[in-house]
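Take a look at the structure below.
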Protein chains: 2
Amino acid sequence: MEQNKDKLNSIEKALVTLLAFQENQQTWGVRELGTHLDLNPATVQRILQTLKSFRFIDQDPKTRQYRLGNIFYRFLNTLQSTYPVSKAALPFMKELQSKTQETVHLNVIEDMDRVCVENIESPQNLRASMPIGSRSPLYAGASSKCLLAFSSDEFIESYLSFKKLTPVTENTISNVTRLRTEIAETRVQGFAISMGERTPGLGSLSAPILDHKGVLLASISLAIPEIRFNNSDHLNFCRQELIKATRSCSETRGYHHT
Amino acid sequence: MEQNKDKLNSIEKALVTLLAFQENQQTWGVRELGTHLDLNPATVQRILQTLKSFRFIDQDPKTRQYRLGNIFYRFLNTLQSTYPVSKAALPFMKELQSKTQETVHLNVIEDMDRVCVENIESPQNLRASMPIGSRSPLYAGASSKCLLAFSSDEFIESYLSFKKLTPVTENTISNVTRLRTEIAETRVQGFAISMGERTPGLGSLSAPILDHKGVLLASISLAIPEIRFNNSDHLNFCRQELIKATRSCSETRGYHHT
DNA sequence: AAACAATGTTCCGAATTGTGAAACAATATT
DNA sequence: AATATTGTTTCACAATTCGGAACATTGTTT
């Protein structure tokens with residue numbers, strides 16, 4: 001753990017500790033976490049006790065292991081008030097779901113991943129699911145590709161130069177050259193499309209919300225089961241309504257179409 | 001800010017800083033936050049910069065003010081994997097929504113409030129909305145009263161002895177004696193019912209999920225628009241299905257009905 | 001049941017870091 | 001343009017944090 005004059009080391013350790021609690025390892029013991037973070041167990045113990053006293057961390061009485069505390073639900077509420085695009089997009093998403101009868105979700109980029117920040121599920125019996133908080137890499141699925149395509153050139157280059165493409169499904173793009181082609185196409189078309197790249201049997205369409213400077217804010221996406229995705233009338237209708245919704249929403253953010 | 005040998009002061013300050021970002025004040029300036037927390041501006045600045053470097057905090061380039069970072073969506077994902085009741089309840093919630101065609105939501109107690117941790121919306125045009133993360137006091141609405149009623153006696157006494165009841169709507173209970181009566185009734189009936197206490201025009205039913213020791217884990221609730229709430233056949237059907245769902249779910253947690 | 005291993009927790013002297021007053025840089029207001 | 005307000009940086013000093021070791025608790029093996 002390297003020293004840096006701009007950051008408080010103690011707080012840094014606490015944040016790194018919190019970030020250890022992920023979907024792939026939800027619970028940690030003190031010594032286990034110490035090994036993982038290269039910190040002395042006594043140090044970890046103190047950090048965990050401080051986090052626990054504020055309920056950022058909870059301790060299972062049975063196993064004595066530590067896990068994330070429920071207080072994090074509080075921050076979700078704050079986030080949805082803080083970022084105007086969520087609030088702005090919701091009415092357009094509702095109308096879109098009403099017209100298409102498909103699952104609609106809103107995504108943003110967070111730490112080089114796509115993350116879902118709002119969703120409205122399809123009322124149909126066969127429907128797609130996209131929980132708030134779910135993540136995927138920026139090359140798997142229409143939402144991700146759309147977000148990547150409408151990001152700044154700097155971001156795209158930075159992402160492509162370091163990111164190793166690991167396929168999510170057999171349909172995922174795993175070739176940088178191919179991905180660059182998709183990015184270029186997406187920019188021209190104004191939307192992204194995919195079939196089975198992230199979840200087998202599930203297709204999606206995605207289009208961006210842009211601000212008054214043309215900067216990407218988020219993407220609205222439709223998640224469509226394959227059987228309905230393969231109906232070209234339905235797919236075209238969905239595409240048109242999606243473009244309409246994202247354009248209208250972008251205009252509320254000051255974006256001007258030329 | 002009191003000294004305590006068990007907690008790391010620096011980390012404590014960071015956590016208190018994060019907790020300042022709430023729905024009622026989403027953005028803070030450095031000096032403003034310093035005044036609010038009774039900390040020197042230079043101290044706050046360093047804390048914010050550390051939090052920012054991990055993206056727990058974001059700075060609006062235009063206003064230079066600080067707000068919560070998107071990374072908190074990451075923790076929501078972890079939470080939903082961590083707590084078994086969420087995963088356990090989801091199939092029962094889905095079936096309940098299917099049968100009743102009403103909005104179903106799962107709630108837990110967090111910091112003396114009810115907080116929504118899962119939801120499945122009704123497919124009907126007139127439907128109730130209950131976003132994940134939304135909160136209310138433990139005396140307003142069926143979910144809250146259900147959670148309170150099935151909490152430990154210690155918790156109930158502690159809550160009632162210090163909490164000032166401020167009405168949410170004109171139908172909210174604002175009298176402690178009345179609330180105690182409702183708690184007793186709820187315990188006997190095994191479910192709670194309310195009409196317009198939290199949101200005008202919206203009724204709800206709620207029943208608890210209990211573990212093998214009869215300890216409260218969460219409550220499953222149906223949110224029903226008033227027009228359908230007033231249909232007694234529908235309401236009775238909903239109640240029966242709700243009780244069935246929560247009992248079945250409790251049994252998966254080892255609860256035994258006598 | 002006893003012995004051993006592993007884990008969470010606490011203590012205390014040494015080492016390191018965090019703090020706040022003041023100055024500076026950037027932006028907003030008059 | 002001048003002034004006020006805010007975010008940011010610097011540095012000497014005070015305060016806190018750290019880690020090794022011991023202790024307490026729980027789990028596993030014999």
Here the distance between atom P of D:dC18 and atom CG of A:Leu39, to the nearest Å, is 8 Å
Taken to the nearest whole Å, CG/A:Leu48 to C1'/C:dG8 is 10 Å
Looking only at C:dT19, D:dC18, D:dT8, the nucleotide nearest the A:Leu8 side chain is C:dT19
Rounded to whole Å, NZ of A:Lys52 lies from C1' of C:dG8 at a distance of 10 Å
**OP:** Return no unless some side-chain N or O of A:Ser10 is found under 4.0 Å from OP1 or OP2 of C:dT17.
**Re:** no
- Query: Checking B:Ser10 side chain against A:Ile11 main chain: does a donor-acceptor pair fall under 3.5 Å?
  - Reply: no
To the nearest angstrom, the CG-C1' distance between A:Leu37 and D:dC18 comes to 16 Å
* Kindly say whether B:Leu51 contributes a backbone atom to a donor-acceptor pair with the side chain of B:Gln49 at under 3.5 angstrom? => no
Nearest heavy-atom contact between A:Ser221 and A:Ser143 is OG-OG, 2.6 Å
Residues passing the ring pair (Phe, Tyr, Trp, His ring centres under 6.0 Å) test with B:His36, sequence neighbours excluded, are B:Trp28
Which donor-acceptor pairs under 3.5 Å do side chains of residues 109-117 of chain A form with protein atoms, sequence neighbours excluded?
{"from": "A:Glu110", "atom 1": "OE1", "to": "A:Arg135", "atom 2": "NH2", "distance (Å)": "3.0"}
{"from": "A:Glu110", "atom 1": "OE2", "to": "B:Arg55", "atom 2": "NE", "distance (Å)": "3.2"}
{"from": "A:Glu110", "atom 1": "OE2", "to": "B:Arg55", "atom 2": "NH2", "distance (Å)": "2.6"}
{"from": "A:Asp111", "atom 1": "OD2", "to": "B:Arg74", "atom 2": "NH2", "distance (Å)": "2.9"}
{"from": "A:Asp113", "atom 1": "OD2", "to": "A:Arg135", "atom 2": "NE", "distance (Å)": "3.4"}
{"from": "A:Arg114", "atom 1": "NE", "to": "A:Ser136", "atom 2": "OG", "distance (Å)": "2.9"}
{"from": "A:Arg114", "atom 1": "NH1", "to": "A:Asn107", "atom 2": "OD1", "distance (Å)": "2.5"}
{"from": "A:Arg114", "atom 1": "NH2", "to": "A:Ser136", "atom 2": "OG", "distance (Å)": "3.4"}

Here the distance between atom P of C:dC11 and atom CD of A:Gln49, to the nearest Å, is 13 Å
TODO: Look at A:Tyr66 and C:dT9 and indicate whether a side-chain polar atom (N or O) is within less than 4.0 Å of OP1 or OP2.
DONE: yes
I want to check something: taking the side chain as every heavy atom from C-beta on, are B:Leu19 and A:Phe75 in contact at a cut-off of under 4.5 Å?
yes
* Asked: Quick one: are A:Leu15 and A:Lys7 in side-chain contact, heavy atoms under 4.5 Å?
  -> no
To the nearest angstrom, the CG-C1' distance between B:Asn9 and C:dG18 comes to 10 Å
Expected list for residues 27-35 of chain B near DNA chain C, using heavy atoms below 4.0 Å, is none
From CD of B:Gln65 across to P of D:dT5 the rounded distance in Å is 16 Å
Taken to the nearest whole Å, CD1/A:Ile57 to P/C:dT9 is 13 Å
Enumerate the protein-to-nucleotides 27-30 of chain C contacts in which both atoms are nitrogen or oxygen and the separation is below 3.5 Å.
none

| Around B:Glu95, counting heavy atoms of other residues, nucleotides and ligands shown, do more than 12 lie under 6.0 Å from its CD? | no
What do the steps show when you test B:Phe56 against B:Phe21 for ring-ring contact (aromatic ring centres under 6.0 Å, His included), and what is the final call? CA-CA 11 Å; B:Phe56 279 68; B:Phe21 294 86; over 10 Å; no
N/O (side chain, B:Gln45) to phosphate O (OP1/OP2, C:dA21) under 4.0 Å = no
Testing D:dG19, C:dG8, C:dG18 for proximity to the side chain of A:Asn40, the answer is D:dG19
If each end axis of the helix from C:dA1-D:dT30 to C:dT30-D:dA1 is fitted on five C1' pair positions, the angle between them, to 10 degrees, is 50°
Salt bridge (Lys or Arg N to Asp or Glu O under 4.0 Å) filter on A:Arg247, not counting sequence neighbours, yields none
Intermediate values then yes/no, side chain to side chain contact (heavy atoms under 4.5 Å, CB included), A:Thr63 and A:Thr27: CA-CA 10 Å; A:Thr63 63; A:Thr27 63; over 6 Å; no
Between A:Ala42 and B:Gln59, the residue closer to the 5' end of DNA chain D by nearest nucleotide is B:Gln59
Minimal heavy-atom distance between A:Gln26 and B:Ser81, with the atoms involved, is OE1-O, 3.1 Å
* **Short side-chain N/O contact from B:Lys7 to OP1 or OP2 of D:dT16, under 4.0 Å** => no
